[in-house]
Visitor: 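I have a structure here, written as structure tokens, and I will follow up with some questions on it.
Reminder, nothing fancy here: chain letters follow the sequence lines and each chain counts from 1.
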2 protein chains.
Amino acid sequence: MAHPGPAERPDCAHPGPAPHEPLLRAPTYLVAELTKLIRRESAGALPCADAAGRMRGPAVLVLACVAAEGPMSQRQVSERLRMDPADVVSLVDVLEERGYVERHRDPADRRRYRLDVTEDGRLFLARRREAGLRLNQRLFAPLTPEEMEQFTDMIVRVLAHHDPRFTEHGPSETGPEDAA
Amino acid sequence: MAHPGPAERPDCAHPGPAPHEPLLRAPTYLVAELTKLIRRESAGALPCADAAGRMRGPAVLVLACVAAEGPMSQRQVSERLRMDPADVVSLVDVLEERGYVERHRDPADRRRYRLDVTEDGRLFLARRREAGLRLNQRLFAPLTPEEMEQFTDMIVRVLAHHDPRFTEHGPSETGPEDAA
DNA sequence: TATTGTTATACTCTATAACTATA
DNA sequence: TATAGTTATAGAGTATAACAATA
């Protein structure tokens with residue numbers, strides 16, 4: 001075929017450039033597209049350290065959480081990361097199998113585990129973090145460092161407005177209702 | 001009051017409002033959290049116009065695309081929205097079933113369809129768009145209009161750097177490699 | 001285009017076991 | 001003790017979205 005252009009649209013010469021205008025300014029659409037871009041660019045760019053290719057986003061998140069906040073229970077992980085407790089189970093399974101965390105029963109409350117990061121876990125996390133920095137540089141190359149700062153600040157502010165996890169000083173009493 | 005706030009634990013150093021610092025500044029993590037927030041806030045806030053609850057994100061996207069850029073083929077839709085052609089099929093099925101678009105064979109090339117939006121389709125889109133605006137106001141309440149503008153601009157710039165669909169004047173020859 | 005199937009993620013529901021509080 | 005209520009984990013199952021293989 002000669003060209004894949006629209007047959008009967010003389011005013012639209014180019015085959016597939018930009019998505020339609022109204023969407024181009026819809027923040028939720030843009031965030032969704034950005035997420036898809038991140039997914040595409042992340043593929044293969046981050047160490048997964050697993051023949052089966054596990055150790056993806058959520059698993060790394062759990063590992064980072066335990067590494068940063070010290071020994072904690074699975075319940076606490078699920079609260080910090082706002083993940084479903086049911087999903088944390090299998091993620092910790094993977095981490096434990098890889099030797100990145102260890103499950104010990106908490107003697108104070110034997111219902112819960114005490115998750116401990118291993119040295120291997122910290123090593124993996126360090127490698128992953130470095131790869132993440134390179135990825136970010138590539139991903140957000142068009143933004144100046146100041147803009148990058150503004151960008152993350154704005155997201156944190158939006159998140160904090162709806163989610164007490166992102167407030168500076170712990171869960172506050174003010175919520176989304178204030179400005180709604 | 002159903003705040004899923006972290007449980008107060010006297011034996012834990014700081015019972016833990018905010019996720020750990022390194023993550024708090026990682027843009028890709030923040031974007032992922034923002035996406036989850038959008039999902040949560042969107043639930044029930046947008047008209048789905050379907051007993052089965054279809055007409056979700058992707059279907060509306062396809063409808064908006066056809067509505068904004070005029071009659072086009074499914075292949076063109078998949079290119080504009082960077083969706084898998086296989087997924088466009090079932091989305092158009094839903095839209096057709098709802099009476100929002102019509103499939104006509106393109107007389108110029110009978111292999112492809114010519115998708116046309118119906119009046120019902122435009123009506124639904126208008127309602128949906130209005131609900132979307134209200135949702136955005138609630139979602140991004142902490143940002144000033146200027147910041148909102150900067151925010152969307154920055155995302156578009158980042159997207160354009162990796163994806164020719166988002167360049168102003170159609171697919172250009174310059175790509176991510178230029179500044180990488 | 002269409003069909004079929006796979007995978008990742010997020011969420012729902014239920015079950016079991018261990019804890020807490022109280023009579 | 002006994003009883004009831006709560007919490008931590010586990011497991012099965014569902015829904016959406018992205019994607020691969022093939023007709």
Visitor: Identify whether the distance between the nearest side-chain nitrogen and carboxylate oxygen of A:Arg114 and A:Asp116 falls below 4.0 Å.
Guide: yes

Visitor: In whole Å, I'd like the distance from the CG atom of A:Leu61 to the P atom of C:dA8.
Guide: 17 Å

Visitor: CG of B:Asp84 versus C1' of C:dA8: gap in Å, rounded?
Guide: 16 Å

Visitor: Nearest-nucleotide wise, let me know which of A:Val89 and B:Pro58 is further upstream toward the 5' end of DNA chain D.
Guide: A:Val89

Visitor: Atom CG of A:Asp87 and atom P of D:dA12: how far apart are they, to the nearest Å?
Guide: 14 Å

Visitor: Compare side-chain N and O positions of A:Arg111 against OP1 and OP2 of D:dA8 and report whether any pair is under 4.0 Å apart.
Guide: no

Visitor: Does the pair A:Arg82/B:Glu33 count as a salt bridge with the N-to-O cut at 4.0 Å?
Guide: no

Visitor: Would you say a side-chain N or O of A:Arg82 is under 4.0 Å from OP1 or OP2 of C:dT9?
Guide: no

Visitor: On DNA chain C, nearest-nucleotide positions of A:Gly57 versus A:Ala108: which is more 5'?
Guide: A:Gly57

Visitor: Counting only side-chain N and O atoms of A:Tyr113, is one of them less than 4.0 Å from OP1 or OP2 of D:dA10?
Guide: yes

Visitor: What's the closest nucleotide to the side chain of A:Ala86 if the choices are D:dA17, D:dC19, C:dC13?
Guide: C:dC13

Visitor: Output the rounded distance in Å from CE (B:Met83) to C1' (D:dC19).
Guide: 11 Å

Visitor: Roughly, in whole Å, what's the span from CG in A:Asp106 to P in D:dT7?
Guide: 16 Å

Visitor: Would you say C:dC19 has OP1 or OP2 under 4.0 Å from some side-chain N or O of A:Arg110?
Guide: yes

Visitor: If I take atom CZ in residue A:Arg75 and atom P in nucleotide C:dA17, what distance separates them, rounded to the nearest angstrom?
Guide: 18 Å

Visitor: OP1, OP2 of C:dA2 versus side-chain N and O of B:Arg103: anything below 4.0 Å?
Guide: yes

Visitor: Quick check on side-chain hydrogen bond (donor to acceptor under 3.5 Å, both in side chains): which of A:Arg75, A:Arg105, A:Glu96, A:Arg103 does A:Tyr113 satisfy it with?
Guide: A:Arg105

Visitor: Nearest whole angstrom, please: distance from the C1' of C:dA10 to the CG of A:Leu91.
Guide: 11 Å

Visitor: Could A:Glu41 and A:Lys36 be called an ion pair, given the rule that one side-chain N must be under 4.0 Å from one carboxylate O?
Guide: no

Visitor: Does a side-chain N or O from B:Arg56 land closer than 4.0 Å to OP1 or OP2 of D:dT16, or not?
Guide: yes

Visitor: How close or far is atom P of C:dT12 from atom CZ of B:Arg39, stated in whole angstroms?
Guide: 11 Å

Visitor: A:Gln74 side chain N/O closer than 4.0 Å to the phosphate oxygens (OP1, OP2) of D:dT7?
Guide: no

Visitor: A:Phe124 ring centre to A:Arg98 NZ or CZ under 6.0 Å, with the angle to the axis within 45°?
Guide: no

